[in-house]
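Structure record follows, encoded as structure tokens.
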Amino acid sequence: LKNVTLYAVDTWRGNADEPDMKAMIDAANGDIYPEFIRNINRCGVADYIVPMRMTSVEAAKQFKDGELAFVFIDAGHSYEDVTADLNAWYPKVKGGSTIAGHDIARASVRKAVDDFTKKIGKRFRAWNECWILDGCHA
């Protein structure tokens with residue numbers, strides 16, 4: 001088994017801009033963090049996961065540039081949120097590694113990823129609901 005640490009970044013309080021998510025959070029009395037902990041314990045992966053209860057951009061500040069082998073973004077979906085996440089996390093991945101994210105079918109996400117990858121002179125690929133940018137900093 002490889003020595004792997006997965007940093008799970010979330011506020012676990014949902015996003016008021018997304019009604020379906022807000023309903024789930026409200027049903028859990030405003031906080032799904034206890035459910036997350038129960039799930040990782042039940043699945044036997046708690047030893048590999050470090051929860052970071054903060055926003056995505058705040059979490060990125062906790063890592064050195066070039067420190068991470070892979071980053072997957074699934075945070076805010078507005079153009080501004082996705083752009084801020086890309087600017088915060090892209091420097092954190094090692095040369096030749098991958099950064100990816102979810103919800104590429106959303107127009108705001110696609111535009112932010114398109115604009116960012118054009119700015120850095122790269123192309124992303126889409127797979128199902130995800131976007132993938134391989135060969136970072138190469």
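All values reported here derive from a predicted model rather than from experimental measurement.
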To the nearest 0.5 Å, what is the distance between OG (S56) and NZ (K61)?
-> 11.0 Å

Any link between V9 and Y48 through a network of hydrophobic side chains (Ile, Leu, Val, Met, Phe, Trp, Tyr) touching at under 4.5 Å?
-> no

Start with the C-alpha distance between V50 and T5, add both sets of side-chain angles, then the distance that settles side-chain contact (heavy atoms from CB on, under 4.5 Å), and finish with yes or no.
-> CA-CA 7 Å; V50 176; T5 301; 3.7 Å; yes

Would you say Y90's side chain and H137's backbone share a donor-acceptor pair under 3.5 angstrom?
-> yes

Linking I/L/V/M/F/W/Y whenever any side-chain heavy atoms sit under 4.5 Å apart, do V71 and M52 land together?
-> yes

Are the aromatic ring centres of F124 and W131 under 6.0 angstrom apart?
-> no

Between K92 (side chain) and F63 (backbone), is there a donor-acceptor pair under 3.5 Å?
-> yes

Are the charged groups of D31 and R53 less than 4.0 angstrom apart, N to O?
-> yes

D115/K119 salt bridge by N-O under 4.0 Å criterion = no

May I ask you to decide if G135's main-chain N or O and K122's side chain share a donor-acceptor pair within less than 3.5 Å?
-> yes

In terms of hydrophobic clusters joined by side-chain contacts under 4.5 Å, are I40 and L6 together?
-> yes

D10-Y33 side chain donor-acceptor pair, cut-off 3.5 Å = no

If we ignore angles and hydrogens, is there a donor and acceptor under 3.5 Å between the side chains of N41 and R38?
-> no

Do the side chain of S108 and the main chain of H77 share a donor and acceptor less than 3.5 angstrom apart?
-> yes

Between V113 and V82, does a side-chain contact (heavy atoms from CB on, under 4.5 Å) hold up when you go through it step by step?
-> CA-CA 7 Å; V113 174; V82 176; 4.2 Å; yes

Is the closest side-chain heavy-atom distance between D134 and I132 below 4.5 Å?
-> yes

Student check: side-chain heavy atoms of K118 and R123 closer than 4.5 Å = no

Tell me, do F36 and I49 make a side-chain contact under 4.5 Å, heavy atoms counted?
-> yes

Do the non-hydrogen side-chain atoms of D85 and V57 ever get within less than 4.5 Å of each other?
-> yes

Report the C-alpha separation of W89 and I99 in whole Å, then their side-chain angles, then the decisive distance to 0.1 Å, and conclude whether the side-chain contact (heavy atoms from CB on, under 4.5 Å) test is met.
-> CA-CA 8 Å; W89 286 104; I99 186 169; 3.9 Å; yes

Would you please say whether a donor-acceptor pair under 3.5 Å links the side chains of E58 and T55?
-> yes

Using the rule that two of Ile, Leu, Val, Met, Phe, Trp, Tyr join whenever any of their side-chain heavy atoms come within less than 4.5 Å, decide whether I120 and I104 are in one cluster.
-> yes

Test item: F72 and H102 side chains (from C-beta on) under 4.5 Å apart, heavy atoms = yes

Does D114 offer a backbone N or O that forms a donor-acceptor pair with the side chain of T117 under 3.5 Å?
-> yes

Can you measure from CD (E129) to CG (D103) and round to the nearest 0.5 angstrom?
-> 6.5 Å

Is any side-chain heavy atom of W12 closer than 4.5 Å to a side-chain heavy atom of P34?
-> no

In one Ile/Leu/Val/Met/Phe/Trp/Tyr side-chain cluster, 4.5 Å: F70, V4 | no

Calculate, to the nearest 0.5 Å, the distance between atoms CG and CG belonging to L86 and D81 respectively.
-> 11.0 Å

